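Below: the structure, in C-alpha cells.
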There are 2 protein chains.
Amino acid sequence: MQRMTRQRTALADLLEVTPDFRSAQQLHQLLKDAGQNVGLATVYRTVQAMAEAGDVDVLRIEDGEALYRRCARGHHHHLVCRECGKTVELAGEAVERWASRIAQEHDFVDVDHTAELVGICRDCAARIYGGGARA
Amino acid sequence: MQRMTRQRTALADLLEVTPDFRSAQQLHQLLKDAGQNVGLATVYRTVQAMAEAGDVDVLRIEDGEALYRRCARGHHHHLVCRECGKTVELAGEAVERWASRIAQEHDFVDVDHTAELVGICRDCAARIYGGGARA
DNA sequence: GCATTGTTGAGAATGATTGTCATGCCGTCC
DNA sequence: GGACGGCATGACAATCATTCTCAACAATGC
Ligand SMILES: [Zn+2]
Ligand SMILES: [Zn+2]
Ligand SMILES: [Zn+2]
Ligand SMILES: [Zn+2]
C-alpha cells in the first residue's frame, strides 16, 4: 500500500499548483526552494509511481529528458508552448480514430500512440514577433 | 561543404539496408561487426547531421534513447512493431489536419507535432498469442 | 604534390536516471 | 501510548547515452 509521507505530500502539493511540465530535477529544486527537502531519488521514484498510477503525465522533450505534469485522469494529448510552457490538454477523438484505423489497416494489435503538439502561444508570439502585428 | 569519407559512406550504406530503427550505439556495433571501424563520436555526429538534413528520421523510445532510420524524404509518421521493430511509414493527412485545426483553435503558431504508433504486427501477434488463433 | 580545412577517434566529461543499503517513519496491533 | 514489521527515504555510487576535446588525418582543389 502507498504510505502517505511528508515527501509524497509535498510533491503532490507542488504538482497540484504547477501548471506546466517540469523535470524531476526541477521539481527537486522547487521543493528545496520551498524549504521542503526531498531527496532526488525520492522525487524520481515518486513521480514515476504517479505516472504509472495515471496521476501525472510524462512528456519527453527533444533531448530525451522526461517532464511531468499533474493532469486530468484518462487518455489525452497536449499542446505546449515551447517558449513559456503553457499547456493545453486535448481530449478530441480525431487522433484516436486515426490510430485505430491505421492499426486495423496494417494488421497491428495492442497499438499505443503518442501525439503531442508544440508551438508558440498567442502571448509569446506577440512578445517575440513584435506586439504591434496583432490587431 | 560535406566531404565524402569512408566513415560516412559506410554509415549511409548500412542505413540503406537497415529497415528498422536503430540506436547510434547499435549502428556503431553493426559497423564494427561488418569490419568497418567507425568511432562512436563519428556515428553520433553523422547520424545527427543526417537527421538535420532530413535523410533519416529520429524516434525516441520510452526511456528517451534516440533511434534512427533511413526514411522517405518529407514529413510522415510511423507505425512500429514493439517486438520485431518492423516499421511502416504513414503519410496520411488526418493527423496534419487535426494538428493545424487544434493550433488555430488555441491561437498557437509555429506548431510542430509528433505522432507515433507502437503495437504488435501480425506475425509477432501470431507467435506470441498462439499461432492457432488466426483463421 | 601540397596546402587548406573539414573530419576523425580515443578518451574524458557531462548529466539524467537508476541502484544500494543502512536508517527512518507510517500504519497497525496490542 | 508503545512496540513492530516493512515500505520509504536519502546520501552516494554506479550506469549509460550523449557530448566535448583536440591532436592526428585525409578529402578536395589547385
Ligand atoms: Zn496531460
Ligand atoms: Zn490518443
Ligand atoms: Zn520515417
Ligand atoms: Zn504529421
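The basis for the numbers below is simple: all heavy atoms, side chains too, and nothing from hydrogens, waters or symmetry mates. Just so it is clear, the model here is predicted, and its values are computed rather than measured. Note on naming: letters A, B, ... go to the chains in the order of the sequence lines (proteins, then strands), and numbering restarts at 1 for each one.
- Regarding Glu65(A), its CD atom lies at a distance of 13 Å from the C1' atom of dT18(D), rounded to whole Å.
- For Asp57(B) and Arg70(B), the salt-bridge test fails: no basic side-chain N is under 4.0 Å from an acidic carboxylate O.
- One can place CG of Leu67(A) at 12 Å from C1' of dA16(C), the figure rounded to the nearest angstrom.
- Contacts between residues 40-57 of chain B and DNA chain C, defined by a heavy-atom separation under 4.0 Å, are made by Ala41(B), Thr42(B), Arg45(B).
- Phe108(B) and Ile102(B) end up in the same hydrophobic cluster when Ile, Leu, Val, Met, Phe, Trp and Tyr side chains are linked at under 4.5 Å.
- Judged by distance alone, the side chains of Thr9(A) and Arg6(A) never bring a donor and an acceptor atom under 3.5 Å apart.
- No hydrogens or angles considered: nothing links the side chains of Asp55(B) and Tyr68(B) as a donor-acceptor pair under 3.5 Å.
- At a threshold of 4.0 Å, the pair Asp20(B)-Lys86(B) does not count as salt-bridged, since none of the basic side-chain nitrogens sits closer than that to a carboxylate oxygen.
- Residue Gln29(B) contributes atom CD, which lies 15 Å from atom P of dC16(D) at whole-angstrom precision.
- Side chains of Glu96(A) and His77(A): a donor on one and an acceptor on the other come within 3.5 Å.
- Taking atom CG on Leu31(B) and atom P on dG9(C), their separation rounds to 10 Å, with Å as the unit.
- In this structure, Arg60(B) does not pair ionically with Glu65(A), as no charged nitrogen and carboxylate oxygen lie closer than 4.0 Å.
- The CD1 atom of Ile61(A) sits 14 Å away from the C1' atom of dT18(D) (whole-angstrom rounding).
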Contact list (N/O, under 3.5 angstrom) for nucleotides 26-30 of chain D vs protein:
from    : atom 1 : to      : atom 2 : distance (Å)
dA27(D) : N3     : Arg3(B) : NH1    : 3.4
dT28(D) : OP1    : Met4(B) : N      : 3.4

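- Rounded to whole Å, the distance from CG on Leu11(B) to C1' on dT7(C) is 14 Å.
- Of the N and O atoms on the side chains of Tyr44(A) and Gln25(A), at least one donor lies less than 3.5 Å from an acceptor on the other residue.
- Going from atom CG of Asp63(A) over to atom P of dT14(C) covers 17 Å, rounded to whole Å.
- A donor-acceptor distance shorter than 3.5 angstrom exists from the side chain of Arg82(A) to the backbone of Asp110(B), with no hydrogens or angles considered.
- The separation between Glu62(B) atom CD and dT18(C) atom C1' is 15 Å, rounded to whole Å.
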